[in-house]
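First the structure, in the form of C-alpha cells, and then the observations on it.
Residues: numbered from 1 along the sequence shown. Whatever order the structure lists them in is the order used to number ligands and atoms, beginning at 1.
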Amino acid sequence: MKGDTKGHSTILLIYTGGTIGMVENKETGALEPFDFKHIAKHVPEIASFDFEVTTIQFIPSIDSSNIEPNVWGDMVRIISDNYYDYDGFVILHGTDTMAFTASALSFMLQNLSKPVIITGSQLPIGMFRTDGKENLITALQIAADKKDGKPMVPEVSVYFQNKLMRGNRISKINAENFNAFSSPNYPPLAKVGIHIRYDENAILKREFSGHFKPHYLLDTNVVILKLFPGISEETIDAMLSIKQLKGVILETYGTGNAMQKEWFIRRLGKAIEQGIVIVNITQCQTGKVEMDVYETGRRLMEVGVISGLDSTTEAAITKLMFLLGHNCTYKQVVEGMKHSLAGEITSALREFNPEEGEALPFLVRY
Ligand code: ASP
C-alpha cells in the first residue's frame, strides 16, 4: 500500500465511519455512507495537493457510538501494517466517541514518530455548509507538514474547527455547533486561520529511544462511577461488587471532593484492599484534582484513592484499560496513572514498557 509518487509526503486516509463520510441520497433525502474510493469526487481539492493520499475504509462503516476496543485494535493494526510506508495518517471518525478513540490510540501507539490526526464533522461532506471538507483538507495538510524533514506533529491529535488539539486532552462538548470539542486543560497544538500556526512548545517532544510499537491489550473490567448528591450505598456497593472489576474512575466534585459518609469511605477502602484501582477525576471540565485541599478530598486520599490530576475521563478510563490490559501489578497501575504516558496529564512524561517487567516498569524518557 505504498504511494509516494507525487510529492514529498504520503498520507494514509482511513475512513472508519461517522457523519463526515455520508452524502445525501438525492431521491430519498436519507444520509448514506459513500465509497471512499471516490473521495476526489466530493473533495476535488485532494487531487491538487503536492502529496499523495491513499484511502482505505472500514466496511461496514461504524457509527462511532458503536465503537468497541477491538475496533481501536483494528485501527492500530492498519497504522502498524502501513507505518513505514506513509509519512502520516488521518483517521475519519464519528464525533460521538472520538475523544475515547483519540485517547486510546495515544497509549496504544507507543513511540509514535508520525502524525495520526483524527477528524470528522457535524455535517456530512456532501451537504451544503458542511464542516467536513475544511476539517478533512486541513487535517491532511497538517499530517503532511514537515519541518527539517520531520513531521510537524508526531502525536495522536484531533483537528476540528480551526484547532488542532492533543487527542487525549479533548472532550466532546457540543452536539450542535461546529466547535464540537474542547481541550480545557491543554493549549491547542495549532490554530488555523489564513495560516496554520503551530505551537511548537505544546507539541509532544519525544526523544526517540525506542522504535514504534503497537499495543493491542486492553482490559475492559473498569467502570466510571459518577457521584451525585443522594447516590445510595446500594448503588455504590453494586458497582464495586461487580465480579472481575479491576479499576474505577471515580468522578468527584470540584478539586476531587466527595461526601464524607462513613459507609462510603469504608466501601472504597474495602475495594482498594481487594486490589481495585480507584482514580479520582473531577466532574469539572477545567482544573485538576487536589485531594489535600478539603477534608472531603483528604479522606479519599487517606483511604488509597489515587489522583487523576487534570486528566479527562476519556483519557483516564482508556489509560486504565491499557495498564490493566498489560497485566500490570496494582503498584504499576498506580505508578502509571501518576505519570504522563502520552501527554494526557500535566506530569513528567514516562515511557511505558510492559515487557520490562516489574523492576523497570517505566523508563524516564526525558
Ligand atoms: N453518531 C455519529 C458518530 O459518532 C455522529 C458523528 O459522526 O458526528 O459516528
Any side-chain donor near an acceptor of the partner, Ser121 and Asn135, under 3.5 Å: no
Partner residues of Gln122 under the side chain to side chain donor-acceptor pair (under 3.5 Å) criterion, sequence neighbours left out: none
Pair Ser106-Glu155, side chain to side chain donor-acceptor pair (under 3.5 Å): steps then yes or no: CA-CA 7 Å; Ser106 76; Glu155 58 172 298; over 6 Å; no
Enclosure of Lys288 NZ (heavy-atom neighbours >12, cutoff 6.0 Å): no
Which pairs would a plain distance check flag for residues 176-183, meaning a side-chain donor or acceptor within less than 3.5 Å of a matching protein atom at least two apart in sequence or in another chain?
unit_1: Ser183; atom_1: OG; unit_2: Tyr186; atom_2: O; d: 2.8

Amino acids in close contact with ligand 1, where any non-hydrogen atom sits under 4.0 angstrom away: Gly18, Thr19, Asp63, Ser64, Gly94, Thr95, Asp96, Ser121
Hydrophobic cluster partners of Val293 (side-chain heavy atoms under 4.5 Å): Tyr294
